[in-house]
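First up is the structure itself, then whatever we jot down about it.
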There are 2 protein chains.
Amino acid sequence: MQADFRQLCADHGIAMTHQRQVLYEVMQGMEGHPSPEEVYALVKKKVPAVSLATVYKNIHLFVESGIFRKMSMHHGSVRVEMNSEDHHHMVCSKCKAITDIGEKELGLSPTQRRLSDGFLVERYSVDVIGLCAKCQKA
Amino acid sequence: MQADFRQLCADHGIAMTHQRQVLYEVMQGMEGHPSPEEVYALVKKKVPAVSLATVYKNIHLFVESGIFRKMSMHHGSVRVEMNSEDHHHMVCSKCKAITDIGEKELGLSPTQRRLSDGFLVERYSVDVIGLCAKCQKA
DNA sequence: TTATCGGACGATAATACTTATCATCTTTAA
DNA sequence: TTAAAGATGATAAGTATTATCGTCCGATAA
């Protein structure tokens, strides 16, 4: 599996380092939209000398090189998307909780590949704003 | 028109002050997604003694009371939506430029009012990620 | 109109998050 | 194996935002 990560790095044109490997594995094991601090805390358990700056730098590197996808909206800090399925987000306007919802379940399948001004579509990202079940009761 | 703003404040349950009125009028005159600093710069021309903190506090107040809508995604700072038409956003994955696109033009009209886990839909906010015309050439 | 009181204001300190700097160490490629 | 390029850790600095607090303003009642 170290070989796997080495290959992944090669495929994405970045150097393979021990810190990056641990960071990648830790992030793979997390769900939802972890913050840099949360990732840092876990990486530190395996590499106590790791620096927060390294975590930030490599999260950005992973995002830029396409290994992970960024989803920073609605949080006060940078977040990375750990759900690799096609999905969107439900955002509660009251408690701000963010829940994933599958593309199919959302029942929204845009097809246009080119929009006004010649904008070339890569993908759609939908936020459904509303009230979660818990906040409806209150 | 001062009476208008007074009424608006009353309708939204907030007190009317000179600073708030100027802030509101300045923001009404801005397009796109101005940052607090940009708003502050303009307000300062009319009320030189205004504090940046007041601008922040009242932008939040306007958003919380429903006078304006927040759209903070993709920017490094809080942004307010000045386009009152129903619309979504096209985000260039290369240059990060954000352009509005009308609801109709997007060709996406979701209808579901209730989603999984009983989530009650208020509205949909769609970000189209892709390449703007300029970045496609380069 | 004036007195009163709660909320709003301005100045600025503090905080949260993120990035920059730089000396040292590790990877990569020859 | 070795030199060059790049990565790391420690920490300073930067950016955006929020908290604090003494003073002042605006809404209400008299």
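Please read these numbers as outputs of a predicted model, since none were measured by experiment.
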Taking [atom1] from [X] and [atom2] from [N], how many angstroms apart are they, rounded to a whole number?
X: A/Y40; N: D/dT11; atom1: OH; atom2: P; value: 11 Å
X: B/Q21; N: C/dA8; atom1: CD; atom2: C1'; value: 15 Å
X: B/H33; N: D/dA16; atom1: NE2; atom2: P; value: 18 Å
X: B/L23; N: C/dA8; atom1: CG; atom2: P; value: 14 Å
X: B/N58; N: D/dG26; atom1: CG; atom2: C1'; value: 14 Å

| In chain order, what residues pass the side chain to side chain contact (heavy atoms under 4.5 Å, CB included) check against A/K104, with sequence neighbours excluded? | none

So which protein nitrogen or oxygen atoms get under 3.5 Å of nucleotides 2-4 of chain C's nitrogens or oxygens?
none

N/O to N/O distances under 3.5 Å, protein versus nucleotides 26-30 of chain C:
residue, atom, partner, partner atom, Å
C/dT27, O3', A/M16, O, 3.3
C/dT28, OP1, A/M16, N, 3.1
C/dT28, OP2, A/R6, NH1, 3.3

Side-chain heavy atoms under 4.5 angstrom apart, residues restricted to Ile, Leu, Val, Met, Phe, Trp, Tyr: same cluster for [X] and [Y]?
X: A/Y40; Y: A/I67; value: yes
X: B/L131; Y: B/I98; value: no
X: B/L52; Y: B/V26; value: yes

| task | Give, for atom NE2 of A/H88 and atom CG of B/L115, the distance between the pair rounded to the nearest 0.5 Å. | result | 11.5 Å

| If only atom types and distance count, is the side chain of B/D117 paired as donor or acceptor with the main-chain N or O of B/F119 below 3.5 Å? | no

| Do the side chain of A/H12 and the main chain of A/S65 share a donor and acceptor less than 3.5 angstrom apart? | yes

| query | Is the closest side-chain heavy-atom distance between A/M90 and B/S116 below 4.5 Å? | reply | yes

| Are any of the side-chain heavy atoms of B/R20 and B/F5 separated by less than 4.5 Å? | yes

| note | The side-chain contact (heavy atoms from CB on, under 4.5 Å) partner of B/S125 among A/V91, A/D127, A/V128, A/V126 is A/D127

Tabulate atom names and distances for all N/O pairs under 3.5 angstrom spanning the protein and nucleotides 28-30 of chain D.
none

| If you fit an axis to the five pairs at each end of the helix from C/dT1-D/dA30 to C/dA30-D/dT1, how big is the angle between those two axes, to 10 degrees? | 50°

| said: For B/F68 and B/F62, take the angle between the two ring planes, folded into 0 to 90°, and tell me which bin it lands in: parallel under 30, tilted 30 to 60, perpendicular over 60. | reply: perpendicular

Report, one pair per line, the protein and nucleotides 17-21 of chain C atoms (nitrogen or oxygen only) whose separation is under 3.5 Å.
residue, atom, partner, partner atom, Å
C/dT18, OP1, A/V78, N, 2.5
C/dT18, OP2, A/Y56, OH, 2.4
C/dT18, O5', A/Y56, OH, 3.4
C/dT19, OP2, A/H60, ND1, 3.3

